[in-house]
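Notes to accompany the following structure.
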Amino acid sequence: MKLKNVAACALVALCAAAPAAQAQVKLDGKPKIAFLFLGTATDGGWSQSQNAARLALAKAYGQKIPYVDNVPEQTAKVEQEIDLFLNHGANIIIAGSYGYSDAFAAEAKAHPNDVFVNMAGISSTPNLESFYGKTFEGWYLAGMAAGYATKSKSLGMIEGFPIPDVLWDVNAFALGAQAANPGTVVHVAFVNSWSDPVKEAQISAAMIQQGADVIATDMDSPAALVVAEKAGKYSVGYQVDMAKSAPNGILTSVEFHWEKRLIPMVAEIEKGSWKSGGTPLYGIKEGVVDDATFQHIPADDIAKILAVRQEMIDGKFSPWTGPIADQSGKVQEPAGQTISEDDLWNMNYLVANVKGSMK
Amino acid sequence: MIATLLAAWAATIPAFAAPFLLATVGLIINERAGVMNLGAEGIMAIAAVVSVLISLDGGGVGVALLGGVAAGLVLTAVFAVLAVLLRVDQVLAGLVTFALGIGISGYVGDGYDNQTIPGLSALPTSLFGWMPKTLAGVLDQDVLTYVAFGIAVLVWYIIEHTDLGLRLRAVGEDAPAADAAGVNVALYRLGAVLAGGVLCAVAGAHLSLVGSHLWVDGMVAGRGWIAVAMVTLARWNALRAIAAALLFGAIQALVPQLLSSGLNVPVYFIEMSPYLATLAYLLLAGMFANGADAQPVDLGRPYLREERR
């Protein structure tokens with residue numbers, strides 16, 4: 001998670017409302033895929049989760065998939081890299097960065113017979129889809145696990161910046177914990193950086209000193225989990241399975257599985273049946289977001305969590321069904337109604353059982 | 001509630017302060033000998049990454065620390081050759097060292113980001129069981145943090161109270177006079193730069209071995225630059241560096257405490273407050289001329305005997 005999310009709050013609403021493209025795209029020849037990464041392919045978080053998708057695609061389609069990493073969020077640079085790949089015969093360009101949105105839109109318009117995919121982007125054309133994960137589904141279930149695990153009814157969660165797709169993670173985590181164990185509170189701290197492991201570890205230590213017995217991180221790095229593990233507390237990881245960093249205390253990790261959407265997508269493209277979905281959100285149902293195996297809580301608690309997970313897949317349950325009140329007690333979503341995806345992108349509050357400030 | 005918050009806060013201050021203290025004391029040694037090293041951030045990064053790489057390779061904490069220091073020393077040697085022997089402009093040489101350190105650390109650390117290591121933990125709590133709880137919390141730190149404070153006192157004593165320190169200061173205050181008195185200016189500066197580099201490297205190793213237990217590109221996050229500024233705040237005195245580091249450490253340690261307490265506090269303002277405190281201190285020091293002339297006179301001035309004033 002780097003800069004891609006920083007300004008999402010401002011623009012996403014606009015582009016989510018942009019008309020989803022309908023026309024089908026015909027590739028010239030077989031799919032030839034290429035990837036761009038924001039960080040390094042082995043950064044242990046955001047780009048690594050996408051590199052895993054690249055490897056899965058390579059296996060599924062029996063082709064070598066070239067990539068270039070450390071591509072900065074500068075439109076001209078991104079366009080250059082895309083053009084290089086296109087000149088070498090690639091016809092499906094995949095990346096994952098909010099900051100690539102403009103470059104991808106421009107390139108997609110210039111090359112109508114090639115397909116572009118930008119995960120966490122906000123632009124879309126008939127041949128460009130920018131999808132993101134319903135991370136809140138994974139976080140709601142992780143919140144339930146934390147709720148079952150906690151004895152102090154006090155959880156800690158470490159966040160980057162207070163933007164909508166981060167706030168929905170905290171809020172879903174808190175709502176899940178509340179559902180599993182009424183009266184549980186989530187202390188949230190914003191690091192104001194996507195990566196400052198020293199600070200993340202220090203915040204984790206402070207939260208534990210003040211009574212939190214589950215530490216969840218919404219960051220690239222497992223630094224906060226290492227502290228929790230040493231203190232004998234529970235933890236929740238993010239982006240990739242972080243169990244290696246906290247084998248004795250980790251409850252689960254909210255993981256991305258980009259390949260779960262990308263592999264069927266390329267199949268549809270090959271068949272000629274694919275249409276850009278615009279800027280959709282894919283969740284546990286599609287497999288794009290999921291929790292790593294739940295552990296360190298009783299089996300019947302895990303069964304309850306998996307039952308909710310199944311309801312999410314069946315479309316019978318949403319974390320965003322009211323009543324949902326914010327910290328000030330104001331009702332943000334009345335009972336019986338569910339927050340729409342468009343409204344999720346405008347989320348600017350913390351729910352009632354979250355303690356901490358966005359300012 | 002407030003008492004526990006204060007106790008928890010006090011307990012985290014030393015570990016926050018230690019990397020700042022180590023780097024600041026290192027830079028004080030440099031600057032008292034008349035050499036300004038702006039490469040601290042890069043040296044810290046190299047030491048932080050190499051310590052993690054050795055740990056990931058199965059090396060113990062001691063080996064990891066030594067390896068990190070050795071790597072930092074190699075980079076410092078580059079700076080020393082440029083700034084002391086070749087007499088390149090010290091600001092430029094420092095910036096080159098900074099860029100080299102950041103670049104090389106990112107390069108060698110590529111592929112090892114976010115992989116956790118055992119690192120160095122605080123001393124066993126049982127050692128402090130007989131003390132009042134708050135005091136035990138403050139004293140229950142890792143060994144490296146103790147070393148940091150010990151080194152600061154030691155360096156202060158050496159600089160201010162030994163012949164070695166007198167010669168070092170002479171080189172920084174008036175290199176031609178020191179030379180005339182028979183002090184080998186280049187040798188003293190070389191030694192000071194290398195010794196300072198070692199301390200900056202220990203500071204970097206503290207960040208990864210104690211602070212984060214892992215490496216991420218860019219994780220030094222400006223702490224080396226803060227150390228450069230803290231030299232001025234400490235008025236080039238290693239004892240005052242302890243106070244300065246504790247001030248920064250205290251305020252930085254307060255942020256996670258307040259964030260995790262769930263109190264509604266203006267975080268951005270608190271994070272800004274160490275810099276406001278520095279500004280206020282410098283203003284006051286300037287107004288009352290209190291140690292305002294503490295800066296070594298020959299700081300940043302390369303010395304060549306043939307160009308003696």
Side-chain angles (χ1 to χ4, degrees), chain A residues 39-45 47-48 69-70 154 156-159 185-212 215 219-227 229-231 239-240 242 244-246 327 354-359, chain B residues 1 4-5 7-13 15-16 19 48 52 106-107 109-119 121-122 125 137 206-208 210-223 249 252-271:
Chain A
T40 63
T42 52
D43 66 357
S47 294
Q48 188 167 322
D69 58 6
N70 278 324
S154 167
M157 189 163 183
I158 294 161
E159 292 291 356
V185 294
V186 175
H187 294 267
V188 67
F190 295 95
V191 180
N192 290 315
S193 160
W194 291 124
S195 180
D196 189 340
V198 178
K199 212 162 154 191
E200 291 160 41
Q202 286 159 340
I203 292 175
S204 176
M207 285 174 161
I208 290 168
Q209 276 167 349
Q210 295 187 17
I215 298 294
M219 313 286 289
D220 270 1
S221 125
L225 273 51
V226 175
V227 175
E229 181 82 356
K230 285 205 172 187
Q239 293 191 357
V240 294
M242 292 184 174
K244 250 188 4 202
S245 300
Q327 283 177 313
V354 175
K355 292 213 164 169
S357 164
M358 293 190 282
K359 287 184 201 107
Chain B
M1 164 78 194
T4 29
L5 188 75
W9 176 37
T12 52
I13 293 173
F16 268 86
V52 169
Y107 179 72
D110 187 20
Y112 300 95
D113 293 86
N114 283 324
Q115 294 187 24
T116 47
I117 56 167
S121 297
T125 324
H206 188 286
L207 284 179
S208 62
V210 177
S212 63
H213 296 260
L214 52 78
W215 161 258
V216 180
D217 194 16
M219 66 169 269
V220 179
R223 290 176 177 87
Q252 292 217 332
L254 187 60
V255 174
Q257 293 297 335
L258 289 176
L259 284 174
S260 58
S261 70
L263 296 172
N264 212 348
V265 286
V267 176
Y268 291 100
F269 180 79
I270 296 169
E271 292 202 318

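All values below come from the heavy atoms of this structure, side chains included, with hydrogens, waters and symmetry mates left out. All chains are named by letter (A, B, ...) in the order of the sequence lines, taking the proteins before the strands, and each is independently numbered beginning at 1.
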Original post:
When rounded to the nearest 0.5 angstrom, what is the spacing between CG in B/D113 and CD in A/Q48?
Top reply: 9.0 Å
Original post:
Minimum heavy-atom separation for B/S212 to A/P197, with atom names?
Top reply: CB-CB, 3.7 Å
Original post:
Stepwise, does the side chain to side chain donor-acceptor pair (under 3.5 Å) test hold for A/K230 with B/S121?
Top reply: CA-CA 9 Å; A/K230 285 205 172 187; B/S121 297; 2.5 Å; yes
Original post:
What distance separates B/F16 CZ from A/K199 NZ, expressed to the nearest 0.5 Å?
Top reply: 8.5 Å
Original post:
Side chains of A/D220 and B/N114: closer than 4.5 Å at any heavy-atom pair?
Top reply: yes
**OP:** Might you work through the side chain to side chain donor-acceptor pair (under 3.5 Å) test for A/Q209 and B/Q257, ending with a clear yes or no?
**Re:** CA-CA 9 Å; A/Q209 276 167 349; B/Q257 293 297 335; 3.2 Å; yes
Subject >> Heavy-atom closest pair, residues B/D110 and A/T42 >> reply: OD1-OG1, 3.7 Å
**OP:** Under 4.5 Å heavy-atom distance to chain A, tell me which part of B/A8 shows up: side chain, backbone, both or neither.
**Re:** both
Original post:
Hey, mind stepping through A/Q210 and B/L5 against side chain to side chain contact (heavy atoms under 4.5 Å, CB included) and telling me if it holds?
Top reply: CA-CA 7 Å; A/Q210 295 187 17; B/L5 188 75; 3.1 Å; yes
Subject >> Interatomic spacing from CD in A/E200 to CE in B/M219 - rounded to 0.5 Å >> reply: 10.0 Å
Subject >> Trace of the side chain to side chain contact (heavy atoms under 4.5 Å, CB included) decision for A/V198 with B/R223 >> reply: CA-CA 11 Å; A/V198 178; B/R223 290 176 177 87; 3.6 Å; yes
**OP:** Select, from A/S154, A/A189, A/A212, the one with the greatest count of heavy-atom pairs under 4.5 Å involving chain B.
**Re:** A/A189
**OP:** Would you mind checking which part of B/L214 comes under 4.5 Å of any heavy atom in chain A, side chain (CB onward), backbone (N, CA, C, O), both or neither?
**Re:** side chain
Original post:
With a 4.5 angstrom heavy-atom cut-off, which part of B/A253 approaches chain A: side chain, backbone, both or neither?
Top reply: neither
Original post:
Heavy-atom distance under 4.5 Å to chain A: side chain of B/P118, backbone, both or neither?
Top reply: backbone
